Amino acid sequence: MKYWLLKSEPDVYSLDDLKTEGTGHWDGVRNYQARNNLQAMKKGDLGLFYHSRSNPPHVAGLCKITKKAYPDPTAFDPKEKYYDPKSDPDNPRWFCPDVSYLCHFPEIVTLPAIKEVKSLSDMVLVNNTRLSVQPVTASEFRKICKMGGLELPPGGLKNL
DNA sequence: GCCAACGTTGGC
DNA sequence: GCCAACGTTGGC
């Protein structure tokens, strides 16, 4: 199982929105590095749901990958904000997985708090601020959960 | 809302 | 294939 961090601007799409929807399509990603990460996701992988451009930026809770990435339909539709004429249905350029709501942390984990933790200084979040879909190590993932006050079920992360 | 950092585009 | 110009992201 792999771990990820998914960024979203809460004004556009928040963890509350995902909770309401239950399952969402992580579409609209138009960056190759982020795209490659989306394609590397497997069903059952876990994600930290991060609210960017909020004050302060923070991890709000957890989500789960429930369907591996498939061609992003919003790239084919000229009416869509994220329409990309260079993505051909026969040779799609952009992909999106389905993501389901898991939980809100009892307490949000802010970016400044993360930056204070020495063992988290290698996180992509800290070193590549602009990447919107990024890998997280198991130990980083566990630490963030702990900082968020989340009680892990018996058996740990795999039983979430 | 500003702007630094970074990614992408396209002329040459 | 270089790099200037431009666009976007996201912290502050």
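Below, chains carry the letters A, B, ... as their sequence lines are ordered, and counting in each starts from 1. Worth saying up front: this structure is predicted, and the values here are computed from it rather than measured.
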- Task: Nearest whole angstrom, please: distance from the P of C/dC12 to the NE2 of A/H51.
- Result: 17 Å
- Find out whether A/I114 and A/L125 are in side-chain contact, i.e. whether some heavy atom of one side chain is under 4.5 Å from a heavy atom of the other. yes
- Applying side-chain contact (heavy atoms from CB on, under 4.5 Å) between A/I144 and each of A/Y50, A/F105, A/Y3, report the one that passes. A/F105
- Kindly compute the distance separating CG (A/L6) from OG (A/S132), expressed to the nearest 0.5 Å. 8.5 Å
- Is the phosphate of C/dT8, meaning OP1 or OP2, less than 4.0 Å from a side-chain N or O of A/K81? no
- Task: Measure the distance from CD1 on A/I114 to P on C/dG11 and round it to the nearest whole Å.
- Result: 10 Å
- Message: Of the listed nucleotides (C/dC12, B/dT8, B/dT9), which one gets closest to any side-chain atom of A/Y32?
- Response: B/dT8
- Note on the structure: In whole angstroms, the gap separating P of B/dC6 from CG of A/N127 amounts to 10 Å
- For the residue pair A/F49 and A/W26, categorise the inter-ring angle as parallel (less than 30°), tilted (30 to 60°) or perpendicular (more than 60°). perpendicular
- Message: I'd like to check A/T110 versus A/V59 (side-chain heavy atoms, cut-off strictly below 4.5 Å). Are they in contact?
- Response: no
- Message: Please confirm whether the shortest side-chain N or O distance from A/K86 to OP1 or OP2 of B/dT9 is below 4.0 Å.
- Response: yes
- Item | Spacing of A/N55 atom CG relative to C/dT9 atom P, expressed in whole Å | 20 Å
- Could you pick out which residue, A/P112 or A/Y82, lies toward the 5' side of DNA chain C when each is mapped onto its nearest nucleotide? A/Y82
- Message: Rounded to whole Å, how long is the line connecting atom CG of A/N128 with atom C1' of B/dA5?
- Response: 10 Å
- Between A/W94 and A/Y70, does the ring centroid distance fall short of 6.0 Å? no
- Task: Take the C1' atoms of the five end pairs on each side of the helix from B/dG1-C/dC12 to B/dC12-C/dG1, derive the two axes, and give their angle rounded to 10 degrees.
- Result: 10°
- Distance-only donor-acceptor test, A/R130 side-chain atoms vs C/dT8 base atoms, 3.5 Å: yes
- May I ask you to decide if A/S87's main-chain N or O and A/N91's side chain share a donor-acceptor pair within less than 3.5 Å? no
- Task: Would you mind reading off the distance between A/N31 atom CG and C/dT9 atom C1', rounded to a whole angstrom?
- Result: 10 Å
- Could you tell me the separation between the NZ atom of A/K7 and the P atom of B/dA5, rounded to a whole number of Å? 15 Å
- Item | Length of the line joining A/R30:CZ and B/dT9:C1', which is rounded to integer Å | 17 Å
